[in-house]
Amino acid sequence: MKFSSTYLSPVKWAFFSACLLSLIHVVSALTVPTLTAGIINEGVLQGDLNAISRLSIAMLAASLVTVIGSLSAVYLAAHIASRVSLSMRQQLVQALQDFSLSDFSKYGTGTLLMRATRDVEKIQSVLAEGINMILPMPLMIIVGLGLTFYKSFEMGLVILSLMVIMVVLMIMIQKRALPIVMAVQQQLDKLTDLVRDHIIGMSVIRAFNRSDDEKAAEINMFSDLSAKETKLARTYAIGLPSILIIFNMSTVVILWLGGYQIDSGHLQIGDIMAIIEYATLILMNLIMAVFVLLDVPEAIICYRRIQELLVHAEKTNETHAIKTNKTRMAKTGESRLTKTDETHAANTDEDPVVKTEDTSKAPLLEFRHVTFRYDDAEEAALKDISFTLNAGETLAIMGDIGSGKSTLAKLILGLYPIESGDILFDGQSIFTQPIEHVRSQIGYVPQKAYLFTGTIAMNLAFGKTQTINTSHPDQTTQTSVAFEELVAAAKLAGAHEFISRFEDGYEHELAQGGTNLSGGQRQRLAMARALVRKPRLLIFDDSFSALDGITEQQVRKAVANEISTHNSNVNSNSTNNSNDNTNVNSNTDSKSTGRAFISIEQKVSAAQKADKILVINQGESVGVGTHDELLAHCPIYQQIVTSQEVAL
């Protein structure tokens, strides 16, 4: 991804204006020494007051133009840099939204935070300073050297030689500093992760009396970072004083050689003054550019780190598109015409009819031989999983710890790409329809309930902030949620009682992650957040683990009654419509509005109430059926029941 075409093209007119202003600034700045030489040679030495007055007014005008041009260029540089950083952050946000959960695990929170904040800020600052200091440098060198060579060829060679020495020194410094800068960036990523873990896990650290050990780890990390930054500072410390010495020696050399040329009559005093100012402007701009250029290697590394994320997101989207095309091509009923249809269309001048799969009788959710593998994993986490779930049914998923139960739930939401097989929602592959359309019909309660910083009402409304346009599934519109809906969902999840005990009720502020609530309260709010959207598929991922027995039974009963009541109402309306012959698609409507429930369970007493149970062992499906069927034919389920000492 080219930087200029991607980020500078949208602000090209501002960039061209900055270039023009830089040209005006350079020309007017170099005009001042020329006018100074004229005042000395024509006015002071000749005693011509009119010449002094005339040239002084011209010098004042040139100075004003220099100031105006410089200020305008600074304004445009800040505008360009801020627009570029805005575009870069927007791309990063979009790229992170396209990341799978395995991508987040691959890169880590620390490096993602550093790339989205510090790296972008570094690029923004270097870009703004570069436009102000690096952009005028070539113009200043060309025009300034041209004027110097016009005055004296020998003086021009002196300034040119000093410039070459400074550039060579700068290149040597950058070549040595580049790997150190990269090491510092990587160390900062690790340090961010370490400090974040220590802050979040402070209670665990103190509970196990590991404060001294973790403190030592932080000190070692800070010491390593300090050593690298010291090495970087020493690298710069060698070069910058040398550059300043070269700059100061330029004045001495010019005065020394200029004295001989004045004595020989080749130059006048005013010309020497002009050449000194030319050298000052040229070398000063070069030094300022060098200071910025010393930061360019770090900015380049930051840009590469950001592009790594953007390119990875593009590859992920391309892979998803390829899989989508393969899935579509596999559905011959959707993508191919039969020879009979083509012949009929040719003979009757009608448009050919595309065969599409009848989804009116399709289950709400279907797994077809799904295999999933985490990145760089030798063994697949899930192997050849197949099952169906119709609207109105409940499914319990059981298995040992680490068997892949939570992974299966996340695959339904499209949070991970699968290796093979297909996942169908309402008769269509989730890979052939906008994933947002699928997720808008699912209420998900994760195993670890996470709440956002804000009010309880805001967190509950988070589950129903967008409505998907059914005719255009890729379009979403913001919708408001009635307060009564929030209260109803909170009551179903058993959260209304403790919310009412807060003085500010539903406007009570939550800390990040909901850490100012107990684990059970967080779980109940997460359930209410999923229930408020009234989803067609409700997924509870071991969501009752932090609840006491009485509260668990109350919430289970309320949720079960809500689902059964909704499905009963749907079936009743469907029957009435059929009797009245007012809706020929009543069965389809029933399918499209009925609710299903998936619950990942650890207790057989809860799982046996489901319509069917899916048993997973080491990533493989070892049984699907009712409680009685699995007791009779599934050894793994029998072991689970026996281990929990449930009466057979």
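Hydrogens, waters and symmetry mates are skipped; everything else that's a heavy atom, side chains included, is used. Predicted model only: the values in this text are computed from it and were never measured.
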Can Asp426 and Arg536 be counted as an ion pair, charged N to O under 4.0 angstrom?
yes
Would you mind reporting whether Ile499 and His508 have side-chain heavy atoms less than 4.5 Å apart?
no
Under 3.5 Å, is there a donor-acceptor pair linking the side chains of Glu629 and Tyr637?
no
When you look at Gln433 and Val438, which way does the side-chain contact (heavy atoms from CB on, under 4.5 Å) test go after all the steps?
CA-CA 8 Å; Gln433 54 182 316; Val438 176; 3.6 Å; yes
Just verifying a value: how many Å separate Gln428 CD and Ile423 CD1, rounded to the nearest 0.5 Å?
14.5 Å
With a sphere of 6.0 Å drawn around CD of Glu509, does it hold more than 12 non-hydrogen atoms of other residues, nucleotides or ligands?
yes
All heavy atoms of Leu382 vs all of Leu411, minimum pair found to be CD1-CD1, 3.5 Å
Does any part of the side chain of Ile306, heavy atoms only, come nearer than 4.5 Å to the side chain of Ile123, both counted from C-beta?
yes
If I take atom OH from residue Tyr444 and atom CG from residue Leu415, how far apart are they, to the nearest 0.5 angstrom?
7.0 Å
side-chain contact (heavy atoms from CB on, under 4.5 Å) between Val624 and Val615, worked out:
CA-CA 6 Å; Val624 182; Val615 182; over 6 Å; no
State the CD1-CD1 distance between Ile600 and Ile397, to the nearest 0.5 angstrom.
5.0 Å
Checking side-chain contact (heavy atoms from CB on, under 4.5 Å) between Val120 and each of Arg89, Arg115, Met114, which is the one that passes?
Arg89
Within a strict 4.5 Å, meaning less than it, do heavy atoms of the His369 and Ile385 side chains meet?
no
May I ask you to test the Pro446-Lys448 pair for a side-chain heavy-atom distance under 4.5 Å?
no
If every non-hydrogen atom of Ala380 is compared with every non-hydrogen atom of Lys383, which pair is closest and at what distance?
O-CE, 3.5 Å
Do Thr371 and Asp384 have side-chain atoms, one donor and one acceptor, less than 3.5 Å apart?
no
Got a donor-acceptor contact below 3.5 angstrom from the Glu393 side chain to the Asn390 backbone?
yes
Check whether any side-chain N or O of Ser543 sits under 3.5 Å from a backbone N or O of Asp541 as a donor-acceptor pair, and report yes or no.
yes
Is the distance between the ring centroids of Phe597 and Phe540 under 6.0 Å?
yes
Looking at Ala116 and Leu92, what are the two nearest heavy atoms and their distance?
CA-CD1, 3.8 Å
Could you report the tightest heavy-atom contact between Ala495 and Leu525, atom names first, then the distance?
CB-CD2, 4.0 Å
I'd like to know if Arg556 pairs up with Glu601 as an ion pair, taking the criterion as any Lys NZ or Arg NE/NH1/NH2 lying under 4.0 Å from an Asp or Glu carboxylate oxygen.
yes
Roughly how far, to the nearest 0.5 Å, is the CZ atom of Arg522 from the CZ atom of Arg529?
12.0 Å
Which value, rounded to the nearest 0.5 Å, describes the distance between Ser85 atom OG and Gln90 atom CD?
9.5 Å
Classify the ring geometry of Tyr7 against Tyr303: parallel below 30°, tilted from 30° to 60°, perpendicular beyond 60°.
perpendicular
Atom of Cys634, atom of Val622 and distance for their closest heavy-atom approach:
SG-O, 3.7 Å
Arg305 side chain vs Asp119 backbone, donor-acceptor pair below 3.5 Å
no
Counting only heavy atoms not in Gln618 (residues, nucleotides, ligands), do more than 12 fall under 6.0 Å from its CD?
no
Between Asn459 and Phe452 (side chain of the first, backbone of the second, donor and acceptor by atom type, cut-off under 3.5 Å), is there such a pair?
yes
For a quick check under 3.5 Å, do Asp422 and Ser429 share a side-chain donor-acceptor pair by atom type?
yes
Using side-chain heavy atoms (C-beta onward) and a distance below 4.5 Å, is Phe387 in contact with Lys612?
no
Are the side chain of Glu620 and the backbone N or O of Asn617 linked by a donor-acceptor pair below 3.5 Å?
no
N/O donor-acceptor pair under 3.5 Å between Arg373 side chain and Glu419 backbone:
no
Answer whether the closest heavy-atom distance between the side chains of Leu96 and Leu112 falls below 4.5 Å.
yes
Do you know which two heavy atoms are closest between Ala449 and Ala526, and how far apart they sit?
CB-CB, 3.8 Å
Is the shortest heavy-atom distance from the side chain of Phe372 to the side chain of Thr407 under 4.5 Å?
yes
Please check if the side chain of Ser500 supplies one atom and the backbone of His496 the other of a donor-acceptor pair under 3.5 Å.
yes
Rounded to the nearest 0.5 Å, the CD atom of Glu436 sits from the CD atom of Gln441 at a distance of 12.5 Å
Short side-chain to backbone donor-acceptor contact, Ser643 and Gln639, under 3.5 Å
yes
Give a yes or no on whether the backbone of Asp400 and the side-chain of Lys405 come within a donor-acceptor separation of less than 3.5 Å.
yes
Decide yes or no on side-chain contact (heavy atoms from CB on, under 4.5 Å) for Leu614 and Ile598, but give the supporting numbers first.
CA-CA 10 Å; Leu614 170 64; Ile598 296 177; over 6 Å; no
Check whether any side-chain heavy atom of Ile412 lies under 4.5 Å from a side-chain heavy atom of Leu365, and answer yes or no.
yes
Does the side-chain contact (heavy atoms from CB on, under 4.5 Å) test come out yes or no for Arg595 and Leu538, once each step is laid out?
CA-CA 8 Å; Arg595 291 183 184 176; Leu538 190 61; over 6 Å; no
Counting N and O atoms only, with roles assigned by atom type, does the side chain of Gln644 sit under 3.5 Å from a partner on the main chain of Gln602, one being a donor and the other an acceptor?
yes
